[in-house]
Amino acid sequence: MRHKIQQMQIHNLLDTTAKEGILEIYQIEIPKIEFQETRKDFDGDITIVVFPLLKFIKGNPFEIATKLGEYLKENNTLVESFNVVKGFLNLVIADHYFVNSFNKIYHTHNYGFETPKQDEKSVMVEYSSPNTNKPLHLGHIRNNLLGYAVAEIIAASGKKVYKTQIINDRGIHICKSMLAWQKFGNGETPESTGLKGDKLVGNYYVKFDQEYKAQITALINNGKTEEEAKKQAPILLEAQKMLLQWEAGNEEVIALWKKMNQWVYDGFNQSYKELGVNFDTNYYESNTYLLGKDVVADGLSKGVFYKKEDGSVWIDLTEEGLDEKIVLRADGTAVYMTQDIGTAIQRIKDFPDIGGMVYTVGNEQDYHFKVLFLILKKLGFSWAENLYHLSYGMVDLPSGKMKSREGTVVDADDLMVEMTNTAREISQELGKLDGYSNEEKEKLYKTIGLGALKYYILKVDPKKRILFDPKESIDFNGNTGPFIQYTYARIQSIIRKADFDIENTIANYTLHPKEKDVIKQLQNFPFVVQNAAKNFSPALIANYTYELVKDYNSFYQTVPILGVHDKNQKIFRTQLSKKVSSVIKSAFSLLGIEVPNRM
RNA sequence: GGCCCCGUGGCGCAACUGAAUAGCGCAUCAGAUUUCGGCUCUGAGGGUUGCAGGUUUGAAUCCUGCCGGGGUCACCA
């Protein structure tokens with residue numbers, strides 16, 4: 001199946017003529033003509049699919065296509081010739097159209113990107129959303145890459161975007177780390193140990209768990225049941241006490257909480273910087289966990305929610321095919337849902353220009369977000385129509401599921417280092433890095449290593465699970481980030497060697513088929529960006545870039561560029577190369593991937 | 001069990017709103033290259049798109065049922 005063409009320029013230029021043709025030949029008005037790119041194994045540039053017209057015109061498809069082809073050839077100068085295969089009318093478009101189109105593209109800065117429009121509402125994209133008791137792992141990497149890329153893509157499509165994360169900085173899990181540090185930490189700090197703050201705090205979370213388990217075992221040996229032991233372990237009781245103290249605003253506990261959280265944030269920020277992601281604003285659960293209660297009260301009076309005898313508040317979604325869902329506990333305290341309702345509303349208050357939100361959260365929360373969005377709609381918020389759960393599948397390891405308890409977690413920082421090391425090994429064998437300082441080389445290895453990782457994860461449909469083998473799954477050949485980076489670097493090399501003025505505009509030019517292929521691919525870029533934004537899909541950008549690179553490499557292999565005698569050809573081909581490289585760079589920037597000038 | 005997601009050559013993936021002979025990479029085999037970076041290019045073999053029905057001029061795509069994998073059905077987050 002070929003790509004349908006939604007708004008391509010040729011389509012617009014032919015649409016009217018085609019409709020007029022049908023009107024003249026058959027006296028029938030057709031609402032829509034369907035265009036698609038011509039398959040490469042047929043002759044032509046654009047194809048009209050005749051089958052849908054059969055609903056309006058009785059007749060045989062071949063005949064209709066032929067008549068329409070004749071009409072188009074006579075009445076539209078763009079159409080040079082045509083051929084008909086079954087119900088497909090393949091049109092050959094004149095070179096001058098593609099040459100003019102390329103010249104426009106060549107001189108368009110930020111080609112494919114829209115500047116934010118005044119009348120478009122902004123979008124808030126939430127991603128990452130870590131817990132402060134554990135370092136970032138492979139799952140967070142997928143989350144971060146997806147969220148960041150989607151935010152960039154939406155921005156490029158012409159909407160203002162706010163990137164945010166909600167940091168889960170409160171609750172019993174935080175108290176566990178704090179308690180363990182108090183008991184066993186001997187005043188250790190990130191400075192004194194040289195550890196990243198998130199790693200240090202994570203270690204104490206693990207320490208708590210070890211101690212907790214030891215105490216359970218001891219209690220069981222003293223005759224308690226397992227259930228009793230789990231509830232009565234002294235260290236757990238202490239942690240619970242600490243949570244109460246935190247909620248009561250105990251100064252000492254709050255001070256410790258602030259100190260340790262700051263360590264974690266410093267550590268996270270370092271990881272984010274390495275990964276190349278950022279946020280415009282942060283939300284903290286400690287500030288938002290009480291929000292939403294007022295909304296629940298309000299919704300109760302409106303009849304959206306109802307109260308059970310014990311005082312808990314629920315919403316009945318059975319009519320929508322879902323269950324009943326609690327939104328406030330009997331004791332009046334908030335649940336996860338309460339908080340998410342409150343946070344969503346708070347965000348709109350904070351940024352009134354927002355018209356929609358994207359939540360980048362794993363697919364185990366599909367149900368939660370379905371319910372959340374439904375509740376917000378029932379509460380009558382207009383923006384609730386524009387909420388999207390960017391749901392993604394789990395990242396599995398060959399050894400099994402990624403669960404921190406099982407000790408099979410791939411740490412985000414370690415993985416990035418590993419990728420950089422792999423890139424270093426390969427580049428030292430093959431690179432053309434004469435004259436690069438060590439610092440420049442290290443930066444390059446990072447660019448390549450992270451490029452491989454990011455591309456590998458982003459090219460896959462977010463819904464699908466990824467099986468990730470850190471040792472073997474990153475390839476540097478085929479459909480990979482480094483392959484595309486290599487093409488970019490090679491083009492830069494050509495531009496460096498071009499010892500003539502490449503900025504002359506070439507107007508009259510006969511295209512080589514490979515040149516035409518590349519131009520057609522370049523023409524698609526703006527529509528791919530729009531489509532990727534509409535579908536929240538970085539994979540569309542990744543796969544487009546690969547297609548472009550393949551077409552370019554085929555061109556590169558088939559015709560000489562700098563070595564060609566004709567001056568116009570030399571200039572045109574260099575310009576074509578240059579624009580391809582700039583589109584690669586733009587597309588990769590949407591994925592958060594950098595491109596090197598050499599590698 | 002109810003609901004949700006996934007299932008495409010040996011492996012990893014693509015196919016936007018149903019459209020031509022289901023594309024691509026890895027791996028395998030056979031070739032190309034006096035020259036711009038051989039991490040390139042050209043070609044071959046390899047498929048009943050999990051199974052069975054249905055709708056349609058036309059189905060990987062839509063509908064129904066089943067099979068397999070995962071998730072979820074907490075007054076956890």
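Every chain is numbered from 1, with letters handed out A, B, ... down the list of sequences. None of the values given here were measured: they were computed from a predicted structure.
- No engagement by Val84(A) is indicated, since no non-hydrogen atom pair under 4.0 Å with the nucleic acid exists.
- Looking at Asn363(A), its side chain has no donor and acceptor atom pair within 3.5 Å of the base of rC4(B).
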- Message: Let's test your reading of the pairing rules: Watson-Crick or G-U wobble, both distances under 3.5 Å, then write RNA chain B as a dot-bracket string with ( ), [ ], | and dots.
- Response: (((((((..((((.....[...)))).(((((.......))))).....(((((..]....))))))))))))....
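- At the heavy-atom level, Pro52(A) lies under 4.0 Å from base atoms of the strands shown.
- Between rG31(B) and rA22(B), the two P atoms lie 29 Å apart (nearest whole Å).
- The interatomic distance linking Glu324(A) (CD) with rC75(B) (C1') rounds to 14 Å, in whole Å.
- Between rA77(B), rU21(B), rG25(B), one nucleotide has an atom nearer to the side chain of Asn168(A) than all others, and that is rA77(B).
- Tyr289(A) and Glu247(A) are not linked by any side-chain donor-acceptor pair at a separation below 3.5 angstrom, with hydrogens and angles left out of the test.
- In this model, the phosphate group of rC76(B) is approached by a side-chain N or O of Arg329(A) to a distance below 4.0 Å at OP1 or OP2.
- Put simply, the side chain of Glu364(A) and the base of rU72(B) share no donor and acceptor less than 3.5 Å apart.
- Partners of Lys464(A) by side-chain contact (heavy atoms from CB on, under 4.5 Å), not counting sequence neighbours, listed by chain and number: Val460(A), Asp461(A).
- Ring-plane geometry between Tyr456(A) and Phe468(A) is classed as perpendicular, the angle between the planes exceeding 60 degrees on a 0 to 90 degree scale with a lower cut at 30.
- Here rC76(B) presents its C1' atom at 10 Å from CD of Gln365(A), a figure rounded to the nearest Å.
- The side chain of Gln36(A) lies closest to rA20(B), out of rA20(B), rC36(B), rA77(B).
- Under the side-chain contact (heavy atoms from CB on, under 4.5 Å) criterion, Gln492(A) pairs with Tyr488(A), Ile495(A), Arg496(A), Ser581(A), Asn597(A), not counting sequence neighbours.
- A search for salt bridge (Lys or Arg N to Asp or Glu O under 4.0 Å) contacts involving Asp316(A) returns nothing, not counting sequence neighbours.
- Comparing rU48(B) with rC41(B), their P atoms sit 29 Å apart, to the nearest whole Å.
- For rG58(B), the base is not stacked against the aromatic ring of Phe51(A), per a cut-off of 5.5 Å between centres and 30° between planes.
- Note on Ser554(A): a side-chain N or O is less than 4.0 Å away from OP1 or OP2 of rU42(B).
- Remark: the separation of the P atoms in rU61(B) and rG50(B) is 8 Å, to the nearest Å.
- Between the OH atom of Tyr367(A) and the P atom of rG2(B) there is a distance of 15 Å, rounded to whole Å.
- Closest approach to the Phe483(A) side chain among rU21(B), rC75(B), rC41(B) is made by rC41(B) (side chain taken as heavy atoms from C-beta onward).
- Taking the C1' atoms as reference points, rA59(B) lies 15 Å from rA52(B), given to the whole Å.
- Comparing rC4(B) with rC51(B), their P atoms sit 22 Å apart, to the nearest whole Å.
- Within residues 485-500 of chain A, the residues that have a heavy atom under 4.0 Å from RNA chain B are, in order of number, Tyr486(A), Ala489(A), Arg490(A), Ser493(A), Ile494(A), Lys497(A).
- Comparing the P positions of rG37(B) and rU17(B) gives a spacing of 42 Å, expressed to the nearest Å.
- A cation-pi arrangement is present between Arg347(A) and Tyr283(A) under the rule of less than 6.0 angstrom and at most 45 degrees off the ring axis.
- Applying the salt bridge (Lys or Arg N to Asp or Glu O under 4.0 Å) test to Lys516(A) and every residue at least two apart in sequence or in another chain returns Asp45(A).
- At the heavy-atom level, Glu547(A) lies nowhere under 4.0 Å from the strands shown.
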Show me the donor-acceptor pairs within less than 3.5 Å that the side chains of residues 52-65 of chain A make with the rest of the protein, sequence neighbours left out.
residue	atom	partner	partner atom	Å
Asn60(A)	OD1	Phe62(A)	N	2.8
Asn60(A)	OD1	Glu63(A)	N	2.9

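- Remark: Lys86(A) is in phosphate contact with rU21(B), judged by side-chain N or O atoms under 4.0 Å from OP1 or OP2.
- Candidate nucleotides rU40(B), rC75(B), rC16(B) were compared by shortest atom distance to the side chain of Gln557(A), and rU40(B) ranks first.
- Look at the C1' atom in both rG71(B) and rG65(B): the space between them is 22 Å, to the nearest Å.
- Residue contacts for Asn90(A): at a heavy-atom cut-off of 4.0 Å it reaches a base atom on one of the strands shown.
- Residues satisfying the salt bridge (Lys or Arg N to Asp or Glu O under 4.0 Å) test with Glu285(A), not counting sequence neighbours, are none.
- Between rG23(B) and Arg39(A), a contact under 4.0 Å exists linking OP1 or OP2 to a side-chain N or O.
- Residue-to-nucleotide proximity on RNA chain B shows that, of Leu562(A) and Ile466(A), the 5′-proximal contact is made by Ile466(A).
- If you check every strand for non-hydrogen atoms under 4.0 Å, Lys32(A) touches a base.
- Here rU21(B) is the nucleotide among rC24(B), rU21(B), rC75(B) with the atom lying nearest to any side-chain atom of Phe42(A).
- Scored by the side-chain contact (heavy atoms from CB on, under 4.5 Å) test, Lys550(A) finds Tyr546(A), Glu547(A) as partners (sequence neighbours excluded).
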Which atom pairs link the protein and nucleotides 6-12 of chain B when you take only N or O atoms and keep those under 3.5 Å?
residue	atom	partner	partner atom	Å
rG7(B)	OP1	Lys464(A)	NZ	3.4

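- One atom, OH of Tyr544(A), and another, P of rA15(B), lie 16 Å apart when rounded to the nearest Å.
- In this structure, CD1 of Ile341(A) is placed 13 Å from P of rA77(B), rounded to the nearest angstrom.
- Using a 4.0 Å cut-off, some side-chain N or O of Asn553(A) falls inside it from OP1 or OP2 of rC41(B).
- At the heavy-atom level, Tyr546(A) lies under 4.0 Å from the strands shown only through sugar-phosphate atoms.
- When distances run from any side-chain atom of Met599(A) to the nucleotides rC39(B), rA14(B), rU40(B), the shortest one goes to rC39(B).
- Checked against rC75(B), rC36(B), rC26(B), the side chain of Trp314(A) finds its nearest nucleotide in rC75(B).
- Taking a cutoff of 4.0 Å between a charged side-chain nitrogen and a carboxylate oxygen, Lys463(A) and Asp366(A) do not qualify as a salt bridge.
- With sequence neighbours left out, the side-chain contact (heavy atoms from CB on, under 4.5 Å) criterion links Asp310(A) to Lys308(A), Ser312(A), Ala330(A).
- The side chain of Tyr336(A) has rA77(B) as its nearest neighbour among rA77(B), rC16(B), rG37(B).
- A residue-by-residue look at Val49(A) and Asp310(A) shows that Val49(A) has its nearest nucleotide of RNA chain B further toward the 5' end.
- Side-chain atoms of Arg465(A) and Asn363(A) form no donor-acceptor pair, as typed in the model, at a separation below 3.5 Å.
- The side-chain hydrogen bond (donor to acceptor under 3.5 Å, both in side chains) check on Tyr388(A) picks up nothing, with sequence neighbours excluded.
- Taking the six-membered ring where the residue is Trp, Phe588(A) and Tyr455(A) present tilted rings, their angle falling between 30° and 60°.
- With C1' as the reference atom, rC13(B) and rC6(B) are 14 Å apart, rounded to whole Å.
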